[in-house]
Chemist: 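Below you will find the structure I want to go over with you.
Please read all numbers here as calculations on a predicted model, not as lab measurements. Sequence lines set the chain letters: A, B, ... in the order given, protein chains first and strands last, and positions in each chain run from 1.
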Protein chains: 2
Amino acid sequence: MVLLELSNVNINSNPSLSSNQPEQMQFVEEVGLMFELAGLPRMSGRIFGWLLLSSPQRQSHGQLAEVLQASKGSISTMTRLLIQIGLIERISIPGERRDYFQIRPNAWSQMTKQRMAQITAFKELAAKGLDLLKDSPPVQQQRLREMHDLHAFLEREMPLLDQRWEVEQQQQLKRETVS
Amino acid sequence: MVLLELSNVNINSNPSLSSNQPEQMQFVEEVGLMFELAGLPRMSGRIFGWLLLSSPQRQSHGQLAEVLQASKGSISTMTRLLIQIGLIERISIPGERRDYFQIRPNAWSQMTKQRMAQITAFKELAAKGLDLLKDSPPVQQQRLREMHDLHAFLEREMPLLDQRWEVEQQQQLKRETVS
DNA sequence: TTGAATGTTCAGTACTGATTGAACAAATGG
DNA sequence: CCATTTGTTCAATCAGTACTGAACATTCAA
């Protein structure tokens with residue numbers, strides 16, 4: 001039996017040809033560019049962008065390839081990447097051969113985690129630099145000191161900010177269920 | 001008359017050949033890699049890395065080219081980039097023909113400014129996406145809503161964090177002058 | 001005015017890294 | 001067991017971009 005894949009039912013059917021709502025495709029493309037700016041492959045951004053809009057939220061490997069006009073290989077590689085950095089998850093359904101992907105509930109907190117890693121790396125690099133200048137006068141060290149202290153500060157503060165966000169989220173949710 | 005350029009006097013003289021303190025060069029290289037990770041050209045990172053260590057803090061165009069074993073062209077392009085994004089500044093001395101470069105006093109706040117721009121861009125992209133889904137049920141919108149609200153939150157909070165950092169910096173400075 | 005020192009610009013090169021497409025693997029159903 | 005669907009892997013291609021080197025511009029000094 002042949003199973004038809006349908007994406008974005010009744011909003012934008014016709015998954016093929018990427019003639020699929022030009023505005024939506026433009027959005028997808030923009031997300032791609034943003035990802036690129038952030039140092040990730042453009043195609044990974046396209047996938048993420050499409051998964052932000054798609055209905056249903058979960059999309060199969062094949063659907064992604066068709067909508068985004070990309071090769072199966074590319075979809076395979078990029079979904080693996082996105083899963084690895086925690087932005088999407090793979091959904092497998094018993095009795096279904098194909099895999100589905102969807103955005104992870106708290107995808108963005110993964111982003112901040114990555115950012116945190118970078119901050120820590122900067123802090124440690126600065127420490128390394130300071131070690132090289134340990135016999136130099138403080139004036140010489142100042143540039144690296146500033147770099148170090150700022151990143152130590154951020155390393156301390158970002159998680160707190162994250163927490164505050166969680167709390168605000170919860171309250172938002174509560175307010176919605178009340179009204 | 002010939003003017004000799006000296007960098008890192010009495011710590012690491014011998015500016016040539018980049019045999020210039022292998023550890024320092026390794027540090028420079030690591031900063032280069034970090035910059036690359038952040039989407040900037042590696043050479044711009046090398047320049048920045050060297051300017052974090054160099055003594056005197058200001059280094060001429062020619063010194064940079066020699067220490068980093070890079071072409072004049074590359075130095076010219078990359079210093080322009082670094083100036084443009086606010087990480088270094090050009091120092092010109094009256095009666096001196098050559099230009100000097102050094103790290104800007106508050107270089108890192110420029111970094112956060114850039115980061116802020118990115119956050120805003122993400123927020124606006126999410127808004128654009130939400131507009132495309134304005135006739136969809138809220139469940140569909142949720143992914144984009146989260147993306148939007150988080151970035152709006154960060155857009156609000158990051159400047160405050162920055163302020164707190166400034167304050168902490170000042171206090172640090174005061175404590176130092178007392179002791 | 002010429003020559004030396006310094007910078008910039010830009011065309012060409014080299015390299016990296018994304019993307020494709022084909023070959024392969026695995027699972028499913030007849 | 002075979003054909004079909006689905007997904008992965010990997011070699012080859014393609015595109016973008018960092019970097020070089022040479023030509024040109026500018027400034028200063030003799």
Side-chain angles (χ1 to χ4, degrees), chain A residues 1-5 15 18 28-29 31-48 58-85 88-101, chain B residues 1-5 7 15 18 28-29 31-49 58-85 88-101:
Chain A
M1 183 179 71
V2 174
L3 265 180
L4 250 186
E5 293 183 316
S18 105
V28 165
E29 213 49 37
V31 178
L33 291 174
M34 290 286 281
F35 268 56
E36 194 158 82
L37 214 68
L40 293 165
R42 189 180 295 188
M43 187 62 77
S44 70
R46 290 207 189 96
I47 293 174
F48 190 80
R58 76 166 65 101
Q59 296 278 297
S60 75
H61 201 269
Q63 286 174 314
L64 291 174
E66 186 163 19
V67 172
L68 302 176
Q69 306 272 62
S71 70
K72 285 191 303 171
S74 169
I75 299 294
S76 176
T77 310
M78 291 305 137
T79 49
R80 185 148 30 84
L81 172 68
L82 287 170
I83 287 168
Q84 197 236 311
I85 61 184
I88 69 173
E89 57 194 0
R90 184 191 301 264
I91 307 272
S92 56
I93 297 176
E96 272 257 32
R97 199 178 315 178
R98 53 191 111 172
D99 288 348
Y100 290 90
F101 302 95
Chain B
M1 183 178 71
V2 174
L3 266 180
L4 251 186
E5 294 182 315
S7 48
S18 102
V28 165
E29 212 52 37
V31 178
L33 290 174
M34 290 286 281
F35 268 56
E36 195 158 80
L37 213 68
L40 293 164
R42 189 181 295 189
M43 188 62 79
S44 69
R46 290 206 190 97
I47 293 173
F48 191 80
R58 78 166 64 100
Q59 296 279 298
S60 74
H61 201 272
Q63 286 174 314
L64 291 174
E66 186 163 18
V67 172
L68 303 176
Q69 305 272 61
S71 68
K72 284 191 303 171
S74 169
I75 300 294
S76 176
T77 310
M78 292 304 138
T79 49
R80 183 148 31 84
L81 172 67
L82 286 170
I83 288 169
Q84 196 235 311
I85 61 184
I88 68 172
E89 57 194 359
R90 183 190 302 265
I91 309 272
S92 57
I93 297 175
E96 272 258 31
R97 199 179 314 181
R98 54 190 110 171
D99 289 348
Y100 291 90
F101 302 96

Chemist: Taking atom P of D:dC14 as reference, at what distance in whole Å does atom CE of A:Met43 sit?
Modeler: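 One finds 17 Å between P of D:dC14 and CE of A:Met43, rounded.
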Chemist: CZ of B:Arg46 versus C1' of D:dT20: gap in Å, rounded?
Modeler: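 Rounding to the nearest Å, CZ of B:Arg46 and C1' of D:dT20 are 13 Å apart.
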Chemist: In whole angstroms, how far is the P atom of D:dG7 from the CD1 atom of A:Ile83?
Modeler: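 It works out to 12 Å between those atoms.
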Chemist: On DNA chain D, compare the nucleotides closest to A:Arg42 and B:Ile75; which residue's is nearer the 5' end?
Modeler: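 First, find each residue's nearest nucleotide; the 5'-ward one identifies A:Arg42.
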Chemist: Between C:dT20, C:dT9, D:dC19, spot the one nearest the side chain of B:Arg80, thanks.
Modeler: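 When the side chain of B:Arg80 is considered, C:dT9 is the closest of C:dT20, C:dT9, D:dC19.
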Chemist: Step by step, work out the side chain to side chain contact (heavy atoms under 4.5 Å, CB included) result for B:Leu40 and B:Ile85.
Modeler: CA-CA 11 Å; B:Leu40 293 164; B:Ile85 61 184; 4.1 Å; yes
Chemist: Atom CZ of A:Arg90 and atom P of D:dT6: how far apart are they, to the nearest Å?
Modeler: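 Going from A:Arg90 (CZ) to D:dT6 (P), I get 15 Å.
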Chemist: In whole angstrom, what separates A:Ile93's CD1 from D:dT6's P?
Modeler: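 So the two atoms are 13 Å apart, to the nearest Å.
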Chemist: Between atom CG in B:Leu81 and atom C1' in C:dT8, what is the gap in whole Å?
Modeler: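 For the pair B:Leu81 CG and C:dT8 C1', the rounded distance is 15 Å.
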Chemist: Taking for each residue the nucleotide of DNA chain C with the nearest heavy atom, is it A:Ser71 or A:Arg97 whose nucleotide lies nearer the 5' end?
Modeler: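 The residue closer to the strand's 5' end, by nearest nucleotide, is A:Ser71.
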Chemist: Can you check the B:Lys72 NZ to C:dC10 P distance for me, whole Å?
Modeler: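 Whole-Å distance recorded here is 16 Å.
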Chemist: Rounded at 0.5 Å granularity, tell me how far OG1 in A:Thr79 sits from OH in A:Tyr100.
Modeler: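 Nearest 0.5 Å value for the OG1-OH distance: 14.5 Å.
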Chemist: Please pick, from C:dT19, D:dT20, D:dG7, the nucleotide with the shortest atom-to-atom distance to any side-chain atom of B:Ser74.
Modeler: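 Ranking C:dT19, D:dT20, D:dG7 by closest atom to the B:Ser74 side chain puts D:dT20 first.
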Chemist: Would you mind telling me which of D:dG7, C:dT19, D:dC19 lies closest to the side-chain atoms of A:Pro41?
Modeler: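 Nearest to the side-chain atoms of A:Pro41, counting from C-beta on, is C:dT19.
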Chemist: So which atom in A:Leu81 and which in A:Ser44 form the shortest heavy-atom distance, rounded to 0.1 Å?
Modeler: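 Smallest heavy-atom distance, with atoms named: CD2-CB, 4.2 Å.
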Chemist: Under 4.0 Å between a side-chain N or O of A:His61 and OP1 or OP2 of D:dT8?
Modeler: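 Answer yes for this pair, as a side-chain N or O of A:His61 is under 4.0 Å from OP1 or OP2.
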Chemist: To the nearest Å, give me how far apart CZ (B:Phe35) and P (C:dT16) are.
Modeler: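 Nearest whole value for this atom pair: 20 Å.
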Chemist: With rounding to the nearest 0.5 Å, note down the distance linking OG in A:Ser74 to CG in A:Leu64.
Modeler: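 Between atom OG of A:Ser74 and atom CG of A:Leu64 there are 10.0 Å.
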Chemist: Please name the pair of heavy atoms, one in B:Phe48 and one in B:Leu82, separated by the smallest distance, quoted to 0.1 Å.
Modeler: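 Answer, listing the atom of B:Phe48 first, then B:Leu82: N-CD1, 4.3 Å.
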Chemist: D:dT20, C:dT8, D:dG7: which one has an atom nearest the side-chain heavy atoms of A:Asp99?
Modeler: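 Taking heavy atoms from C-beta onward, the closest nucleotide is D:dG7.
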Chemist: Nearest to the side chain of B:Arg98, heavy atoms from C-beta on, is which of C:dG7, D:dT20, D:dT8?
Modeler: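 So the nucleotide nearest the side chain must be C:dG7.
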